[in-house]
Amino acid sequence: MQGPHPDGLALCRIQSALAADVVVGAGKMDIPVTAVYASDLMSDVLAYGKPGSALLTGLNSKQAAISAYMAEFRAVIFIRGKRPAEAICKFAEEKGLVVLSARDDMFEACAKIADLDGTAADPSPSEDLRPPMVEEETIRYAFLIDGHDFASAGMVSTQVKAILKTVGVEPALVRRVAICTYEGEMNVVMHADKARTELVLDDHEIRVVIDDEGKGIPDVTLAMQEGWTTATDEQRALGFGSGMGLPNIRKNADVVDLTSVVGKGTRLEMRFRVI
Amino acid sequence: MKLQDMISPLELKALTHVEDKEVEGIFISDMLSDVMSSAKAGDLWLTVQTHKNIVSAANLVDMAAIVVTHGKSVPKETVDLADRFHVAILSCDGSNFELSAKLHAIGFRPR
Amino acid sequence: MEPEPGYYHAFSINEDLCKGHSRCLRKCPTEALRLRRGRIAMISERCIDCGECLLACPEGVFAPICDSMEDVKKFRHKVVVPSPVLYAQFGASVQPSSIRQALLNTGFDEVAETFYNSRALGVVFRQYIQENRGVRPLISTYCPAVVRLIQVKYPNLVENLMPINIPREITAMEARQGAVHRTGLPPEAVGVFYIAACPSIVVSVKQPAESGTSRFDGVLSLRNLYNALLPDVLALEKAADARAPKESFFFGMGWSWMGQIGQAVGAGKCLSVAGLDHVVKIFDDIESSKLRHIDFLEALACMQGCVGGAFAVENPYVARANIIHLQQQYGQDREVDTEAILQRYRAGHYAMDLPIKPRPTRMLDIDLPTSIKRMKQKERVFAKLPQKDCGLCGAPTCEAFARDCALGEADLTDCVFFSEEAVHVRTR
Amino acid sequence: MNATTCRHQWDMIDTTYGFLVTEKCFHCGMISTEFSLDPTPPLEEYREGDHTWNLVESAQTIRYNLNCRSCGLRVDLKGLLGLMLCTGCDPVCEVDVLRRRFEPERRWVYVAFGFLPEEKHVQLTDEKIAALEEYINQRRRSRTSSIKIVPGRMVSKIQNCYGEVIKDTDMLSLTPPNS
């Protein structure tokens, strides 16, 4: 959402454009919103809504306020003069959500907000409010690994595994990812100070990136090759081999990218195709 | 404004046969109750709903067409039912808000 | 509520008795239980029949479904195979012979014991471990709840399950053969029944994990049988007091508490674990390939092992002390003919009929993109939940509630932290 | 102007959003429908006489009345549960017979359902249904197609009916209605 107006549009400008009543949050009208999400379908709001948005909706129900809160929206604007019930206001008040009630219908309200564009001195703030509407089915998780913390080694791979199982990734693939993540995690615990692990999952690929701060690997090619020569068939049959971390990763991941700067750290990216 | 004149500037994709109708207003909602209460004949209905009962609602008040927004894919049974009752369904990748802004930008004003 | 078709469960749920304590929700290791609209509901495919809910519920909402003596009487020749746990239920001084006699008095024609096969399988396990060096650790299939847990939550570990049959099933097979031979009756006229210490065994007989058929014709609950046996056992004991020398009785290494299977396999790279909480931790480690140096894992669902089963009457610690006492009195070590056992092993006598396969459970969605969408919803909901796991929404944890919401099985407003209305519903 | 000679010009008035709650007694199989203004439907089963009511479905819907802007005649539609488009599922059903007859002239048949059980609720009279039909057709302003509204009692077997009812199911849940 980085556009010319990273701060977005102040709620008071929307409120005056719509001549909307401020139902909750009169003191918060200078807060900016960075996108507008116009929908009555709360499952979508929750899945695709961007944090910092304003929700325009005709669904006058507590679910609207709860979903907006969970998706980290800043405001809920009820259209067509719908006035939220006491329970909704109370919830919004508690959670710091601004609630407006506008008389316009959804199209008029959208058009007016988009039109604020023309009155702004700066170029096109409305562009900011229109982030590309990509309902991308991607999910990301981040984990931290502490180097030298042998007691917690394996925690990240256990979490990664649990996530993949819940999503319903095929068990054999889950295991490959878990083994690679475990090996990567062990490398961090043994050789680095700390690392950030990222899991990115979409419908065609699983990516695990382990970015560590540590001594680094002097010869990446050698590190990768060493395993190839020493790993026995038997260890391969087992799916792992003690001290065979990298080759084991290479065997279980579809794409491995290892880059390292001596004295700084190592970045290990492992990718797995989802069939 | 004619429905046919909106298809290309708004990058709409027709999923059914589209009769050339006059679009008199824009109605955005994902609730059939709202259609019952507030939609007008001749409105273009923007929604993310794709269940086949949208055909039932759009037909009752004789809306100009249904535009399924947010890039939702529309099940075949909905498209089939729409064709049977001469209800036009189009789809687009943009959000309700984005499409509103575009409609406004191409000069559409409700009657 | 009837369990969904497809998965047999060893208990029925009497909703009318449910007072909404929700103790069972927290105890369930697979999060298979929910309180929906003030009533208990079960997600059938998640349930592994461990019996934790039975033990947790003060109201008796979960009633075991077992066979009765009526079912036994349908057979012309009736054989009973007691769980070794049975002998630990009547005190340390009660003679096993009295218990066996009491069983015969209830209407059985024959009592067959698992002790010998438990010893024999120790030999077989050792041999199998030696011959098969691939997958490690190999996991015992003795506890049906653990086998189900693997099928449901650890499908990858199915290949670690040791494909050797268990003592009770082998005993049932041998007992039937023996009875047919002695009586001349056709095999179907011989009824072989097990006395189980937990519900998971009932399920393992009614719907074996390997989707074959059990060698048993039915299962009786130890708890149900206990009251019928007790007066008889006590009377027999009284009468037996006068009778001098104690009957020699082969009371071997029955597998009734944690460690006994490991002990049967022999020292070395064996690991024993009991209690589902601990089993789950060990399984996580195995999946991350942490325990590759372990050869054999004995994993039991109940704390302490089978003496802690939901159908057991005696306190598991007392039961264990009783068994130790019995073993000292009646001798636990009798030589087994290793060569004969190995010969039978090679002939396939101990092999499992069919391989055990994973049991698919409901994911967020079959379609991966939809599933990912639901996962995002779940994570967003979870991030904003109080994370106090109060259980008032009817789900055991906030995490489970978030997942239920994403699946459309619960409403956001069910969380009492978001809606006061929900409080009234729960406090009925 | 006299109400009987007035060419009514209908407006929708008294629009109220609420829930259409469908409950079933699992002992006798009887179905009961109610319009509820509570923000959440009843969650628990409850007893009422011989029946134990369980929630089958709760959908959002609206209730409204009609008012003639020329003569001020009001038509109370409290007895109207909802409208359903007949899509043709039972060839022996009278509604389907009508549908087949009217389809070539683009006259679409909708069923106006009343609440259940019938004896507990005021049922829609033919006059009210006629007024509703008139209102809808006036609202449509179409010269090429029209709407025919028939009473719910015309449906031969409600259990076999697969028409599309105008209501909002699952709006409050995270699972979209089409999944």
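Side chains included, hydrogens not; waters and symmetry mates left out as well; all remaining heavy atoms used. Throughout, protein chains are lettered first and strands after them, A, B, ... in sequence-line order, and every chain is numbered starting at 1.
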Quick one: side chains of residues 381-390 of chain C, donor-acceptor pairs under 3.5 Å with protein atoms, not counting sequence neighbours, listed by atom name and distance.
unit_1, atom_1, unit_2, atom_2, d
Q387(C), NE2, F382(C), O, 2.7
D389(C), OD1, C398(C), N, 2.8

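Closest non-hydrogen pair, K62(A) versus F418(C), comes out as NZ-O, 2.5 Å. The heavy-atom pair separating Q377(C) from D44(A) by the smallest distance is NE2-N, 4.4 Å. Across all non-hydrogen atoms, the minimal contact from S67(A) to L412(C) is OG-CD1, 3.6 Å. For the pair K373(C) and S43(A), the tightest heavy-atom approach, listed with the atom from each and the gap, is CE-O, 4.1 Å. Across N160(C) and R175(A), no two heavy atoms sit closer than the pair OD1-NH1, 4.2 Å.
Under the 3.5 Å distance criterion, the side-chain polar atoms of S371(C) are matched with a main-chain donor or acceptor of V167(A). Formation of a donor-acceptor pair under 3.5 Å by the D203(A) side chain with backbone atoms of L368(C) is not found in this model.
The contact between Y69(A) and chain C is made by backbone and side chain atoms together, counting heavy-atom distances below 4.5 Å. Heavy-atom distances place the backbone of V45(A), and not its side chain, under 4.5 Å from chain C. Heavy atoms of E159(C) lying under 4.5 Å from chain A belong exclusively to its side chain.
Atoms CD1 and CG, on I372(C) and L201(A) in that order, are 4.0 Å from each other to the nearest 0.5 Å. From M42(A), atom CE reaches atom SG of C405(C) across 14.5 Å, with rounding to the nearest 0.5 Å.
The residues K165(A) and E287(C) are annotated as salt-bridged, a charged nitrogen and a carboxylate oxygen being separated by less than 4.0 angstrom.
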